[in-house]
Amino acid sequence: MVYTPQRWIAEDATYRPDRYYRYAELTALLKDWESGNPGLVSMDSIGTTYDGRDIWSLTITDGTTGSHDTKPAYFVDANIHAGEVTGCSTVLWLVNHLLSNQGDDTVRRLLRETTLYVVPALSIDGMERILEGTSSRIRSSVRPFPEPDQQDGLVREDLDGDGLVCHMRVADPNGPWKISDDDARLMVRRGPDEKGGSYYFVLPEGRIHGWDGGAVPLAPDLLGLDVNRNFPLDWAPHWEQAGSGAYPLSEPETRALADFLLAHRNIHGSQHFHTWSAAILRPSARHADEDLPKADLDVFKAIGALGTEETGYPCISIFHDFAYDKKKPIRGVAMDWVYEQTGAFPFSTELWSLPRKAGVEVTDFIEFMRHRDDSADVAMLKALDDHVDGAGYKIWEPFEHPQLGPVEIGGWDYTFTWQNPPGPLLEEVTSGNARFVLRAMGTAPRISIEQPAAERLGDGLYKVAVIVQNTGFLATNISEKAKAAGIAKPVKAEITLANGELVSGKQEQDLGHLEGRASQYEAMRYM
């Protein structure tokens with residue numbers, strides 16, 4: 001069977017939950033949703049990418065109950081990393097679900113009482129190259145960084161023209177790899193003292209720039225920019241934090257996102273979709289839990305637990321449980337900036353996990369990727385066999401390399417096995433994670449007017465009284481971080497008279513911040 005990953009790419013703007021969407025089809029789909037749902041959906045560009053493409057946003061709310069900016073709002077974005085296209089598909093599943101289920105009580109209430117802002121894809125230029133099959137490893141932008149030109153070494157390239165950039169194996173008695181006894185498609189490590197077999201060097205599929213005929217070094221990435229390291233909070237130059245850019249918000253994509261978030265101060269929470277370890281990440285990337293405000297940490301855990309219920313993914317701290325280097329926190333990330341700059345409660349969900357699908361237990365994802373047992377690969381390949389007839393792994397085929405001579409090309413289709421699920425497995429990932437968004441939307445503060453009363457005093461005078469109450473989960477100041485930074489403004493009550501005049505009391509009264517249910521559980525612990 002010839003494996004063609006393009007089968008998972010949408011051919012038109014019709015929504016399908018088992019397809020990934022390129023920019024043209026994505027744009028057309030969003031426009032169809034806007035035109036088909038007047039008063040509910042509006043589409044705007046929040047800026048343009050490095051290559052000049054519009055970065056689209058959708059605003060979704062029932063316009064008959066008020067303007068979008070008069071309601072508490074939730075924000076979702078995806079594809080800040082170009083190849084993590086499951087995120088965009090999760091946003092599309094979410095929007096389609098809302099628009100297709102407007103008669104559902106929960107959906108109707110959310111649309112009436114809250115606003116949803118979505119940016120389906122941020123690093124669109126890189127996403128487009130990956131979905132068209134011309135590149136496989138673009139972190140974010142297609143702007144060359146940190147060097148303007150390609151450096152010498154092996155550069156990934158689709159040599160055999162099949163729309164995949166896989167691996168090459170080169171037979172060599174000194175090679176560190178061998179063919180697995182358990183599955184002849186897989187390459188496994190040669191034992192430390194093993195001799196007398198057939199061995200290989202395994203390299204990325206590609207061409208060697210500036211090669212002198214000796215060792216084959218891997219070229220530094222030409223597109224090494226990581227816009228999720230480009231945010232102002234704790235930003236560091238690229239020699240300290242790889243991919244961080246020339247300066248904070250140097251990239252049009254990050255500037256557009258930051259401007260949008262700062263312009264929409266009604267946002268109480270956000271989700272930023274990534275792939276691929278089946279985990280819900282929460283702040284902080286740079287601080288231990290004990291250094292966060294306790295009330296905020298409790299809220300992160302409570303909302304994160306909703307996500308765990310919907311997806312089965314654990315909700316974990318980046319600092320404690322997801323650091324690439326425990327001694328070197330990740331810097332300049334969007335999620336920490338959102339929390340500390342806007343006071344909202346953000347989460348970054350790592351969608352999809354091939355090991356999880358295969359039943360392989362992973363306790364430390366970073367360590368697993370570095371030192372996993374060969375049996376894990378056997379189990380993962382079997383999962384692809386069972387669920388998608390082996391799609392996602394290219395059988396090794398002979399190829400005459402222009403520099404290395406006879407090689408074989410094959411191996412994992414990284415984009416649609418490790419980084420994203422094959423199309424038939426897509427909806428089982430997107431649906432649960434989209435439902436997490438719906439539940440998080442429901443945690444907003446909600447101001448209500450209770451027990452209005454007008455007591456007649458005589459001579460045309462009335463004593464008017466109401467109770468102003470927050471019936472939502474979150475406080476009106478959202479987070480302790482927002483309160484400490486002065487981001488959240490206190491609640492004000494104002495009486496407006498159509499006729500007559502106010503003879504006692506204040507026309508406007510400062511009510512301060514109104515607590516929600518999130519702060520009202522602690523007392524029960526001592527009862």
Side-chain angles (χ1 to χ4, degrees), residues 3-36 41 43-58 76-96 118-143 156-158 161-166 223 227 252-253 256-257 273-276 351-352 388 391-392 413-427 429-430 434:
Y3 173 55
T4 54
Q6 283 71 27
R7 74 177 80 175
W8 315 137
I9 311 302
E11 297 179 350
D12 55 39
T14 304
Y15 176 68
R16 287 187 55 173
D18 61 348
R19 290 293 183 267
Y20 297 96
Y21 285 76
R22 292 181 59 182
Y23 183 71
E25 289 73 28
L26 172 65
T27 299
L29 175 59
L30 300 181
K31 289 182 176 179
D32 286 347
W33 277 339
E34 179 188 38
S35 63
V41 179
M43 178 178 175
D44 298 285
S45 172
I46 68 170
T48 55
T49 65
Y50 175 76
D51 274 350
R53 293 181 173 92
D54 281 301
I55 303 170
W56 300 119
S57 72
L58 292 184
V76 181
D77 69 35
N79 276 96
I80 197 169
H81 291 143
E84 299 175 0
V85 291
T86 308
C88 180
S89 295
T90 303
V91 174
L92 298 183
W93 195 99
L94 169 65
V95 174
N96 183 72
V118 301
V119 175
L122 193 68
S123 294
I124 303 167
D125 302 335
M127 181 187 80
E128 186 73 355
R129 292 192 191 182
I130 284 171
L131 290 181
E132 70 187 11
T134 57
S135 298
S136 67
R137 303 291 179 97
I138 301 175
R139 186 60 167 163
S140 294
S141 173
V142 298
R143 182 171 75 81
R156 297 177 187 275
E157 181 183 342
D158 178 15
D162 64 351
L164 285 173
V165 182
C166 287
L223 307 180
V227 298
E253 295 87 355
L257 181 58
F273 288 137
H274 295 255
T275 63
W276 40 276
L351 309 163
W352 169 244
V388 289
D413 171 7
Y414 172 79
T415 300
F416 293 114
T417 54
W418 287 99
Q419 199 171 30
N420 305 280
L425 303 180
L426 182 57
E427 189 173 15
V429 177
T430 58

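Predicted model, so just to flag it, every value in this text is computed and none were measured.
- Listed here is the closest heavy atom pair of P252 and Y50: CG-N, 3.7 Å.
- Side-chain contact between V119 and V76 is absent, with no heavy atoms from C-beta onward closer than 4.5 Å.
- Among all heavy-atom pairs drawn from L426 and P17, the shortest one is CD2-O, 3.4 Å.
- Two residues are said to be in side-chain contact when any heavy atoms from C-beta on lie closer than 4.5 Å; T27 and M43 meet this criterion.
- We find the CZ-OH distance between R156 and Y414 to be 9.0 Å, quoted to the nearest 0.5 Å.
- Put simply, the side chain of S140 never gets that close to the backbone of S123: no donor and acceptor are under 3.5 Å apart.
- V118 has its side chain out of reach of D77: every pair of non-hydrogen atoms, C-beta onward, lies at least 4.5 Å apart.
- Counting heavy atoms from C-beta outward, I9 and F416 have side chains that approach closer than 4.5 Å.
- Looking at W352, its side chain does come within 3.5 Å of a backbone N or O of T417 through a donor-acceptor pair.
- Nearest heavy atom pair, residue G87 against residue N79, reads C-OD1, 4.2 Å.
- Here the options are S57, S35, P120, the test is side chain to side chain contact (heavy atoms under 4.5 Å, CB included), and the partner is L30; only P120 passes.
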* Verdict with reasoning, L131 to Y20, per side-chain contact (heavy atoms from CB on, under 4.5 Å) -> CA-CA 8 Å; L131 290 181; Y20 297 96; 4.1 Å; yes
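- I130 and G83 get closest at one heavy-atom pair: CD1-CA, 3.4 Å.
- Separating the CD1 atom in I138 from the CE atom in M127 is a distance of 11.0 Å, to the nearest 0.5 Å.
- Distance alone, capped at 3.5 Å, places no donor-acceptor pair between the Y21 side chain and the D12 backbone.
- In this structure, SG in C88 is found 11.0 Å from CG in L122, a value given to the nearest 0.5 Å.
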* Report the C-alpha separation of E84 and R139 in whole Å, then their side-chain angles, then the decisive distance to 0.1 Å, and conclude whether the salt bridge (charged side-chain N to carboxylate O under 4.0 Å, His left out) test is met. => CA-CA 9 Å; E84 299 175 0; R139 186 60 167 163; 3.8 Å; yes
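- Ring planes of W33 and Y15: tilted class, angle from 30 to 60°.
- For the atom pair D413 CG and Q419 CD, the distance stands at 10.0 Å (nearest 0.5 Å).
- Between the CG atom in D158 and the SG atom in C166 there is a gap of 8.5 Å [rounded to 0.5 Å].
- With sequence neighbours excluded, the residues forming a side-chain hydrogen bond (donor to acceptor under 3.5 Å, both in side chains) with D125 are T49, R53, listed by chain and number.
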Can you list, pair by pair, the side-chain donor-acceptor contacts under 3.5 Å of residues 89-96, counting residues two or more places apart and other chains?
from: T90; atom 1: OG1; to: T86; atom 2: O; distance (Å): 2.9
from: W93; atom 1: NE1; to: E427; atom 2: OE2; distance (Å): 2.9

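- Residues V142 and D51 are in side-chain contact: their nearest non-hydrogen atoms beyond the backbone lie under 4.5 Å apart.
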* **Derivation and outcome, side-chain contact (heavy atoms from CB on, under 4.5 Å), residues I55 and E253** => CA-CA 8 Å; I55 303 170; E253 295 87 355; 4.2 Å; yes
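- Remark: R137 CZ to L223 CG distance equals 13.5 Å, nearest 0.5 Å.
- Under the salt bridge (charged side-chain N to carboxylate O under 4.0 Å, His left out) criterion, no residue pair touches residues 27-36, with sequence neighbours excluded.
- Formation of a donor-acceptor pair under 3.5 Å by the E157 side chain with backbone atoms of V165 is not found in this model.
- Annotation: E11, atom CD; neighbour count of heavy atoms from other residues, nucleotides and ligands within 6.0 Å does not exceed 12.
- Ring pair Y23/W56 is parallel by interplanar angle, where below 30° counts as parallel and above 60° as perpendicular.
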